[in-house]
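Take a look at the structure set out below.
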Amino acid sequence: MVEIDLHIHSTRSDGTLTPTELIRLCASSDLKVVALTDHDSTEGIAEARAEAGKQGGIEVIAGVELSCDTKIGEVHVLGLFVDTEAPDFQKFCERTRSGRLERGRLMVERLAESGVKLSFDRVLELSDGGAVGRPHIARALVEAGYVKNTKEAFDTYLGTGGSGFVPRRRLTPRDAVELLVTNGALPVLAHPLVSPVKAGRKEIGQLTETLADLKTAGLVGLEVYYADYTPEQTSRLEALAQEHGLIPCGGTDFHNSGTPGEPTPGSVGPPMQSVEALKRLKQDRDARVSTK
Ligand code: AMP
Ligand code: ZN
Ligand code: FE
Ligand code: FE
């Protein structure tokens with residue numbers, strides 16, 4: 001078991017555990033440092049920290065996950081050590097969450113056109129006020145009996161090009177990295193390779209070039225220890241992180257989704273040295289900003 005998980009989701013986006021439940025689970029799995037990285041939201045951080053305070057011995061890093069759509073597929077960028085009070089960043093997240101709501105409505109309409117009837121109100125209930133995502137629609141599809149589980153919902157309807165798929169407004173990975181740097185956060189490239197548990201997840205195209213380009217924009221880390229990556233995938237990513245001077249990060253990307261084989265917190269994550277390196281970098285960057 002590991003002590004660090006820098007990628008987990010709560011009900012503030014598309015996870016199914018509240019921040020409190022999630023931190024209880026992490027503490028009971030003997031995790032020492034976790035980053036709550038909800039999609040386009042830092043709304044769960046205060047609750048997670050309050051619970052961490054009660055549990056003792058577990059630290060919560062304020063994180064976020066931003067989704068980018070590029071011509072060659074989806075790219076996700078994590079931000080660690082986000083300033084949750086920064087108004088511009090919060091405005092960006094609020095706008096993006098409204099976009100997600102509209103997109104959710106459109107996806108339900110598209111599914112209806114192909115004969116798959118879902119209640120959008122039910123999707124909203126499942127999202128419980130958090131950032132609406134495809135996993136909520138997937139759960140509604142499971143409930144309505146169209147598919148057995150989330151994975152099948154993505155395979156059949158919600159994956160890129162599926163009958164219910166609607167793309168998001170485009171944010172480039174470079175824009176996401178720059179936005180996070182402006183906020184004082186540390187950008188980390190998420191899940192760069194194929195993940196067997198999440199069918200349809202492809203390797204990021206032109207990975208080496210992408211890393212070199214994003215590094216010049218301020219990328220500091222790469223997810224190396226991730227979910228169900230094989231030892232071969234991990235070794236390849238360790239080498240890439242080293243080559244590009246990126247801190248090896250990672251975690252389970254836990255959603256408590258009910259997908260068979262979903263890795264649980266504590267099963268995979270980076271070493272403590274990575275957290276120490278991230279903290280040093282954060283301090284250096286903050287010091288540079290305050291002396292400007
Ligand atoms: P969205 O942000 O609405 O586009 O939804 C993307 C989210 O859906 C990802 O962050 C994952 O949490 C989840 N996801 C994507 N692909 C799959 C898959 N094949 N199986 C299960 N969950 C997935
Ligand atoms: Zn998610
Ligand atoms: Fe992601
Ligand atoms: Fe994620």
Side-chain angles (χ1 to χ4, degrees), residues 5-17 22 34-41 44 63-70 73-80 93 96-108 110-111 123-124 126-127 130-142 147-162 164-171 173 176 187-204 222-223 226-229 249-263 265 268-269:
D5 192 328
L6 301 180
H7 192 160
I8 52 175
H9 295 270
S10 78
T11 47
R12 300 319 303 171
S13 63
D14 53 8
T16 69
L17 298 182
L22 189 59
V34 299
L36 179 60
T37 52
D38 275 315
H39 300 277
D40 307 310
S41 176
V64 72
E65 181 168 16
L66 304 180
S67 309
C68 310
D69 290 302
T70 73
E74 244 188 277
V75 172
H76 293 183
V77 179
L78 300 173
L80 301 178
C93 288
T96 311
R97 291 200 297 269
S98 323
R100 282 179 164 280
L101 191 70
E102 281 317 304
R103 170 182 176 248
R105 204 188 303 277
L106 275 173
M107 289 180 90
V108 169
R110 285 207 54 183
L111 285 168
V123 172
L124 288 185
L126 289 167
S127 67
V132 178
R134 279 180 286 167
H136 298 120
I137 300 177
R139 260 167 246 151
L141 283 164
V142 175
V147 290
K148 279 200 304 291
N149 54 42
T150 302
K151 182 177 177 296
E152 203 179 303
F154 274 84
D155 288 348
T156 315
Y157 298 108
L158 303 175
T160 311
F165 179 72
V166 175
R168 276 173 302 254
R169 208 159 17 112
R170 282 198 177 177
L171 174 75
V188 173
L189 189 68
H191 42 68
L193 303 180
V194 170
S195 163
V197 168
K198 298 198 179 188
R201 164 85 47 76
K202 298 199 201 73
E203 174 168 333
I204 294 177
L222 174 68
E223 283 200 313
Y226 176 79
D228 55 343
Y229 280 0
C249 298
T252 54
D253 201 356
F254 186 61
H255 286 73
N256 196 43
S257 67
T259 304
E262 184 183 24
V268 61

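Note that the coordinates shown come from a computational prediction; the quantities given were computed from them, not determined experimentally. When a ligand or atom number is given, it counts from 1 through the structure's own listing order.
Within the model, atoms NE2 of H191 and CG of L78 stand 7.0 Å from one another, a figure rounded to the nearest 0.5 Å. Put simply, CG on L17 and OG on S257 are 10.5 Å apart, with the number rounded to the nearest 0.5 Å.
With 2.8 Å as the limit, H7 counts as an N, O or S neighbour of the Fe ion (ligand 4). Contact annotation: H191 places an N, O or S atom under 2.8 Å from the Fe ion (ligand 3).
Per residue H76, closest N, O or S atom to the Fe ion (ligand 3): atom name ND1.
With hydrogens and angles disregarded, no donor-acceptor distance shorter than 3.5 Å links the side chain of D253 to the backbone of A227. Side chain of S67 to backbone of H76: no donor-acceptor contact under 3.5 angstrom is found. The backbone N or O of F154 lies less than 3.5 Å from no partner atom in the side chain of R134, so there is not a single donor-acceptor pair. The closest donor-acceptor contact from the side chain of R110 to the backbone of F165 lies under 3.5 Å. At distances below 3.5 Å, not a single donor-acceptor pair connects side-chain atoms of E223 with backbone N or O atoms of V188.
Geometrically, ligand 1 and R134 share a nitrogen or oxygen pair separated by less than 3.5 Å. Below 3.5 Å of separation, one finds no N or O of E65 facing any N or O of ligand 1. Here's the thing with H255: one of its N/O atoms is less than 3.5 angstrom from an N/O atom of ligand 1. Residue D155 places no N or O, backbone or side chain, under 3.5 Å from any N or O of ligand 1.
Remark: ligand 1 atoms within the under-4.0 Å shell around heavy atoms of D14 are 7 (C), 12 (O). When each atom of ligand 1 is checked for a heavy atom of H39 under 4.0 Å away, the hits are 10 (O). Per-residue contacts place R100 under 4.0 angstrom from the following atoms of ligand 1 (heavy atoms of the residue considered): 1 (P), 2 (O), 3 (O). Short contacts between ligand 1 and P135, defined as distances under 4.0 Å to a heavy atom of the residue, involve ligand atoms 5 (O), 7 (C), 8 (O), 13 (C). Annotation for ligand 1: atoms under 4.0 Å from non-hydrogen atoms of T150 are 21 (C). Each of the following atoms of ligand 1 lies closer than 4.0 Å to a heavy atom of H76: 10 (O). Applying the 4.0 Å criterion to heavy atoms of G133 picks out, from ligand 1, the atoms 3 (O).
Counting heavy atoms from C-beta on, the side chains of P192 and Y229 come closer than 4.5 Å.
When OD1 of D253 and OE1 of E65 are joined through the Fe ion (ligand 4), the resulting angle is 160° to the nearest 10°.
Heavy-atom proximity to atom 21 (C) of ligand 1, evaluated over F254, F154, F165, is greatest for F154.
The aromatic rings of H9 and H39 sit parallel, their planes meeting at an angle under 30°, below the 60° perpendicular limit. Between H7 and Y226, the ring planes lie tilted relative to each other; the angle falls in the 30° to 60° range.
Using a 4.0 angstrom heavy-atom cutoff, H9 does not count as in contact with ligand 1.
Ion pair K151/E262 not flagged as a salt bridge, since none of the NZ, NE, NH1 or NH2 atoms sits closer than 4.0 Å to an Asp/Glu carboxylate oxygen.
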